[in-house]
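Everything below concerns the one structure shown next.
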Amino acid sequence: MKKKHVIPVAVLSSALFMGTVSPAQTLAVSPNANTEVVQKKVHSEGKGKPFFIKEMQSEKQKSADGKAAKEFLNKNKAKFNMDKPEESLKSSKVTKDELGMTHVKLQQKKNNIPVEGHEVTVHYSSDNRVQSVSGQFNEAIEKEGLPSKASLSASESIKLAKKAVEAPDQLVESPDSGLVYYSFQGENHLAYKVNVNFLGDNPGNWSVYVDANSGEVIDQYNKIMHAQDYKASKGSGIGVLGDHRKLHITHKNDKSVQPGTNFYLFDNSHEDLEGIYTYDMKNQWGDSDVQFPGVLFSSPNASFKDSYDSPAVEAHYNSEQVYEYFLEEHDRNSIDGEGMAIKSSVHFGQDYNNAFWNGEQMTYGDGDGEFFVPLSAGLDVAAHEMAHGVTTYSAGLKYRFQSGALNEAFSDIFGALVDEEDWEIGEDIMAEDARESGRTSLRSLSNPSKYSVGEKYTSYGDGNGKYPSHMDEYYDLPLDFIMAVFILTLPSSTMQPI
């Protein structure tokens, strides 16, 4: 697969919509003067900002692990503005990259409870010298007398969280709830962090923070950013736009479905990959007879050529293309880097003009046939959604404000890199009415101002109402502004944004 080698200047065209980071009592590390430590100017000075400290002359250490990292921080705690790092930081993960560098991630804790969103990473060279320290550390929480016990139970917090996000009775998985210290709008709370994941007409994968004593919902945000019996086979199919696709599939003798051999859109041909699965939601929302992710897409023969098959053919084919891109270009084995299964569901809902990553897999609507054809037709759309997963398992960028903007930007960038034909996003999923109206793609990375963002966004920008080309044109959205997964504004007010 031939790849682009140039990143366009306007890579943030889809991303500068998330506004500014809300103030919090989080202090950046401020190195003392006249030391060998310098701060890289990657942000404005002030509270609530991440830090990056580069070590210019670090002595070699015996090891590169959690114990050594905390000893280093404790020895230099005045430089890093940390009182007792050996007590407040707990080792959570140690990784080694292909350059031989070791990265020790330390989770800030108080009373053995995690401080949400606050981690410090110590980066070592191959010879165990500290090269840099990055992350966030909440000094205010260290000094504040916060409660360590909850009067609210975890089950009560789940009920409150489900009510806050109007979750249906049927959920993708049972909600989980755990205690954290959470900083929000200048106040620190002992809170339950509750994850609520559901489908339906308005799917959500919510993180909800519930005060562990008052029961108040402090904050919430939606992260929907969207077998040994099986024998390997090769098949083919016709895509949404009429392209002939060669497919890796499987077959088995399944009398419960249809007598004889049946063929499935399940690819088990890749070493160290759990598989590529494509499911059929049968135009249901996941809250009735067909439960999410649907049934494994199947056919009585190895040729998937019916019109109903075409969205599944595209999803299956494109998933493999994106998988191979990350493996070949970045040596990354699947979304989590460790070979996790790649799953897609097609025929989600009725006339659903959207596609999303729900924290676990991709899901595609069929479009309404006027503005969108089935959204799985877009290779860049598949790459965009899978890149949300990569971000989830790597940078972990929270889906709001500027971190959410970067989350979207990275997805668009990878979408354009995987789909090497042009720098447009979503050009293959636009239906006839959209094209006739001048909307030939979702966004343009080479010409960001090609499309308007829509009236509900305009007042938060510089007034030109166009997608931004530069950081000084970003849209400063308020805290309660609900963002969609794929950020799209079309001329029709009835369109659901992607």
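Every value quoted in this text rests on a predicted model; they were computed, and no experiment measured them.
- Using bins of under 30°, 30° to 60° and over 60° for the plane-to-plane angle, the ring pair Tyr221/Tyr209 lands in the parallel bin.
- Taken to the nearest 0.5 Å, the NZ atom of Lys398 stands 15.5 Å off from the OG1 atom of Thr391.
- Here the side chain of Asp419 pairs no donor or acceptor atom with the backbone of Gly415 at under 3.5 angstrom.
- By the 4.5 Å heavy-atom criterion applied to side chains, Ser376 and Asn318 are not counted as neighbours.
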Run Phe292 and Thr363 through side-chain contact (heavy atoms from CB on, under 4.5 Å) and show every step you take.
CA-CA 10 Å; Phe292 195 75; Thr363 303; 3.4 Å; yes
Worked check of side-chain hydrogen bond (donor to acceptor under 3.5 Å, both in side chains) between His388 and Glu408:
CA-CA 8 Å; His388 276 310; Glu408 277 295 325; 3.2 Å; yes
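- Under the 4.5 Å side-chain criterion, counting only non-hydrogen atoms from C-beta, Phe372 is in contact with Leu442.
- Here the closest heavy-atom approach between residue Lys252 and residue Tyr264 is recorded as CG-CE1, 3.9 Å.
- A donor-acceptor pair under 3.5 Å is absent between the side-chain atoms of Asn205 and the main chain of Asn197, judged by distance alone.
- Heavy atoms from other residues, nucleotides or ligands lying under 6.0 Å from CD of Glu432 number 12 at most.
- Counting all heavy atoms, side chain and backbone alike, Ser441 lies closest to Lys450 at OG-NZ, 4.5 Å.
- Phe326 and Phe414 have tilted rings, their planes meeting at an angle from 30° to 60° on a 0 to 90° scale.
- Residues Phe348 and Asn283 form no side-chain contact, since every pair of their non-hydrogen atoms from C-beta on lies 4.5 Å or further apart.
- Judged purely by distance below 3.5 Å, without hydrogens or angles, the side chains of Thr440 and Tyr451 pair a donor atom with an acceptor atom.
- Taking both residues in full, the closest heavy atoms of Gly117 and Gln136 are given as O-OE1, 3.7 Å, listed atom of the first, atom of the second, then distance.
- For Phe304 and Phe263, the ring centers sit 6.0 Å or farther from each other.
- Judged by distance alone, the side chain of Ser411 and the main-chain N or O of His384 form a donor-acceptor pair under 3.5 Å.
- Checking each of Tyr364, Tyr352, Phe297 against His347 for a side chain to side chain contact (heavy atoms under 4.5 Å, CB included) leaves exactly one that passes, namely Phe297.
- The structure places OH of Tyr317 at 13.0 Å from CG of Asp267, a figure rounded to the nearest 0.5 Å.
- Between Phe184 and Tyr182, the ring planes are parallel. Angles under 30° get that label, and only those over 60° would be called perpendicular.
- Under a 3.5 Å cut-off, the side chain of Ser334 and the backbone N or O of Asp336 do not form any donor-acceptor pair.
- Summarising the geometry of Glu116 relative to Val180, their closest heavy-atom pair is OE1-CG1, 3.9 Å, with the distance given to 0.1 Å.
- Residues Glu360 and Lys343 have side chains not in contact (no heavy-atom distance under 4.5 Å, counting atoms from C-beta outward).
- A heavy-atom distance below 4.5 Å is not found between the side chains of Lys162 and Trp206.
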Pair Asp309-Ile238, side-chain contact (heavy atoms from CB on, under 4.5 Å): steps then yes or no
CA-CA 8 Å; Asp309 297 340; Ile238 302 298; over 6 Å; no
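- Scanning all heavy atoms of the two residues, the minimum distance from Val196 to Ala167 falls at CG1-CB, 3.8 Å.
- Applying the side chain to side chain donor-acceptor pair (under 3.5 Å) test between Tyr325 and each of His330, Arg332, Glu320 identifies His330 as the sole match.
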Could you walk me through whether Asn195 and Glu173 satisfy the side-chain contact (heavy atoms from CB on, under 4.5 Å) test, starting with their C-alpha distance in whole Å, then the side-chain angles of each, then the deciding distance to 0.1 Å, before giving a yes or no?
CA-CA 10 Å; Asn195 179 247; Glu173 57 190 357; 3.8 Å; yes
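- Without hydrogens or angle criteria, Asp368 side chain to Asn353 main chain gives no donor-acceptor distance under 3.5 Å.
- Closest heavy-atom contact between Pro300 and Asn262: CA-OD1, 4.0 Å.
- Using a 4.5 Å cut-off on side-chain heavy atoms (C-beta onward), Val390 and Phe410 make no contact.
- To the nearest 0.5 Å, atom CG of residue Leu379 and atom CD of residue Glu427 are 9.0 Å apart.
- Arg435 contributes a side-chain N or O that, together with a main-chain N or O of Met430, makes up a donor-acceptor pair within less than 3.5 Å.
- Not a single donor-acceptor pair under 3.5 Å links the side chain of Ser177 to the backbone N or O of Tyr192.
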Can you check side-chain contact (heavy atoms from CB on, under 4.5 Å) on Lys193 and Ser157, steps first, answer last?
CA-CA 9 Å; Lys193 179 183 179 180; Ser157 74; over 6 Å; no
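- Put simply, the side chain of Met362 reaches to within 4.5 Å of the side chain of Met386, judged on heavy atoms.
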Ring pair (Phe, Tyr, Trp, His ring centres under 6.0 Å) evaluation trace for Tyr181 with His118
CA-CA 10 Å; Tyr181 286 113; His118 290 75; over 10 Å; no
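- At distances below 3.5 Å, not a single donor-acceptor pair connects side-chain atoms of Ser345 with backbone N or O atoms of Met281.
- Once rounded to the nearest 0.5 Å, the distance linking CD of Gln361 with CE of Met340 reads 9.5 Å.
- To the nearest 0.5 Å, the span separating OH on Tyr467 from OH on Tyr475 amounts to 9.0 Å.
- Note: Leu375 CG to Asp428 CG = 11.0 Å, rounded to the nearest 0.5 Å.
- For the pair Arg439 and Phe371, the cation does not sit on the ring face, since its NZ or CZ is not both under 6.0 Å from the ring centre and inside 45° of the axis.
- Within the 4.5 Å cutoff, no side-chain heavy atoms of Trp423 are placed close to those of Ile413.
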